[in-house]
Number of protein chains: 2
Amino acid sequence: MLYSKDKQEQLFLGIDGGGSKCKAIIMTADNQILGSGISGPGNPLHGFEQATDSIVKSAYLALIDAGLADTPLTELIAGVGLAGVNLPQQFEQMSAWQHPFKAMFLATDLLVACLGAHQGQDGAVMITGTGSCGFSYVCGQEFIIGAHGFPHGDKGSGGWFGLQAVEQVLLSLDGFKPVSVLSQSLMDKLDCRTSTDIVEAVAGKPAAFYAGLANLVFDAAEAGDALALAIVHEGGAYISKVARALWQKNPPAMSIIGGLSTRLMPWLDQEIRERLIAPIGPPEVGSVLFARQQLALLSQRNRQSISVNQ
Amino acid sequence: MLYSKDKQEQLFLGIDGGGSKCKAIIMTADNQILGSGISGPGNPLHGFEQATDSIVKSAYLALIDAGLADTPLTELIAGVGLAGVNLPQQFEQMSAWQHPFKAMFLATDLLVACLGAHQGQDGAVMITGTGSCGFSYVCGQEFIIGAHGFPHGDKGSGGWFGLQAVEQVLLSLDGFKPVSVLSQSLMDKLDCRTSTDIVEAVAGKPAAFYAGLANLVFDAAEAGDALALAIVHEGGAYISKVARALWQKNPPAMSIIGGLSTRLMPWLDQEIRERLIAPIGPPEVGSVLFARQQLALLSQRNRQSISVNQ
């Protein structure tokens, strides 16, 4: 069944805004994805203006991709899942945004990821991309573990793996750690010849930069490098502990998602690996599901209110 | 012997510029310190303009403090020791600065700290303030260990201790580490009530912010807290290893300096503690000694050149 503009069917916008990019989809009421778009960072913690710009831009790109360039944003009901809005200040600021949509329902990136992975049902997710955390949504109760941020947290994330690599390689070049093949691969990747070059290359860099180095650690670990193995074992053990903490909330299902999940998977404890299921949909679909759940709740409340008034 | 303006004696400016502040002294040829001044960050890695502004400002403050407000900067011979100029790009940029002094001799903060601590003689220093590193200067040879920067390095520094505290407290609040008194003292210090508050309070903060939390770790360790003890033992063991690496260069003497040295000292290995001597002078005095050594070398070369020409 193809979407027809003439039907005047309600269209939904699903947003998944993270620290490095913002993804948008246009979805019909019967779950057809008509188009998608990607723009810049969507985490309001690193700039409100940039986050709202990214949301609007990705929405336009998704409309264009759907062949609906003429459709105004005011016709879209938006489900917006954003990193950073677990913090009260960011949630309030973003809720107060004079958004251009017909309606906007705001949720954390964690909730929409979980709803997307489990098709709107209860469940749990571990998210390992640039950052890391665990999240469960069971009987309306949210539970977050991790999501501490860079550089002091987000163990087992891309940012953490890259940071560990740089730290351990520099200690190794100083003679405080065993010689590692990671040193050479890191220097090649950063176009460096000395330890001083590395210090210069990484100075002041954000989590996303370090996340770009994470693959080097997995490559070296898979080649048997001791330093890299120690890092992936520590990261894998931590994410396994996150999974165990989440299971205590009795989610019906659990998935691991995010850019690092494929590489990290082999390093999780076997009993954890065996219980994880593949996510059904991406976070931006979860955002649409969230918007619809909220609409249904509103409509239910209105009916109750009408019923009381009668 | 008091300094007299009438003698037209050469005055020296000594600068010690680090990541959080820039210190200046005005010193006479016979080592009298006439005045001192402190301004903002002096590390060009975090901004060339800010670094040069801080140098000039601290120099003016030192002149005012010396009662020499009328003395122009063009009369001063400046020894300038700066963090960050161990990196070639920063060294070149700072050397090319159109400085306002009669002459400027540029060195790393490490070299001037070492010269200051050992009165211009060979020796070694371990510097533990916001950052950390080891440095030796023996027979004209410099050797650096550490100085990797934040957040990926500078183990045993104030920034590292604070970062460890935040990381471990958040893991502890998530149930992944034992309960620690550090959690409460950190929350009190940051005016936080929850783990989420801490995440919000530390987001995007620089090394200097984390260094401001280091004392909490030592306080908790001294009170017997297991989590804090693990951190101070790791930091102390690393700085002890730095000391052993430096002794291999056969420096006649070694000192530990920087804002964290007093608190860190009890946690170093006993054999290391017993071999350390108190620093004789501060880095800004080392900067003046460096300028004089460079002047002496220039004058020697000129004499040789004149002798060859005759």
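Excluded from the calculations below are hydrogen atoms, water molecules and symmetry mates; all remaining heavy atoms, backbone and side chain alike, are included. Letters A, B, ... mirror the listed sequences (proteins, then strands); counts begin at 1.
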Greatest number of non-hydrogen atom pairs under 4.5 angstrom with chain B, of A/Ile198, A/Leu163, A/Ile145, A/Thr196, falls to A/Ile145
Whatever's closer than 4.5 Å to a heavy atom in chain B on A/Leu173 counts as neither
Below 30° counts as parallel, above 60° as perpendicular, anything between as tilted: where do the rings of B/Tyr210 and A/His152 land? tilted
Cut-off 4.5 Å, heavy atoms of chain B, and the answer for A/Gln89 is both
Cut-off 4.5 Å, heavy atoms of chain A, and the answer for B/Leu45 is side chain
So, the part of B/Pro88 with a heavy atom under 4.5 Å from chain A: the answer is both
Residue from B/Gln90, B/Lys241, B/Glu200, B/Gln168 scoring the most non-hydrogen pairs under 4.5 Å with chain A is B/Glu200
Max heavy-atom pairs within cutoff under 4.5 Å with chain B, candidates A/Val199, A/Asn86, A/Asp197, goes to A/Val199
Determine whether B/Pro151 and A/Glu167 make a side-chain contact, defined as any pair of heavy atoms from C-beta on separated by less than 4.5 Å.
-> no
- Might you confirm whether atom CG of B/Asp191 has over 12 heavy atoms from other residues, nucleotides or ligands at distances under 6.0 Å? no
Backbone of A/Gly146 reached by a side-chain donor or acceptor of B/Asp174 within 3.5 Å: yes
Are there over 12 heavy-atom neighbours, none belonging to B/Lys205, within less than 6.0 Å of that residue's NZ?
yes
In short, A/Leu171 meets B/Tyr238 closest at the heavy-atom pair CD2-CE1, 3.6 Å
Applying a strict 4.5 Å limit to non-hydrogen atoms, the region of A/Ala147 in contact with chain B is backbone
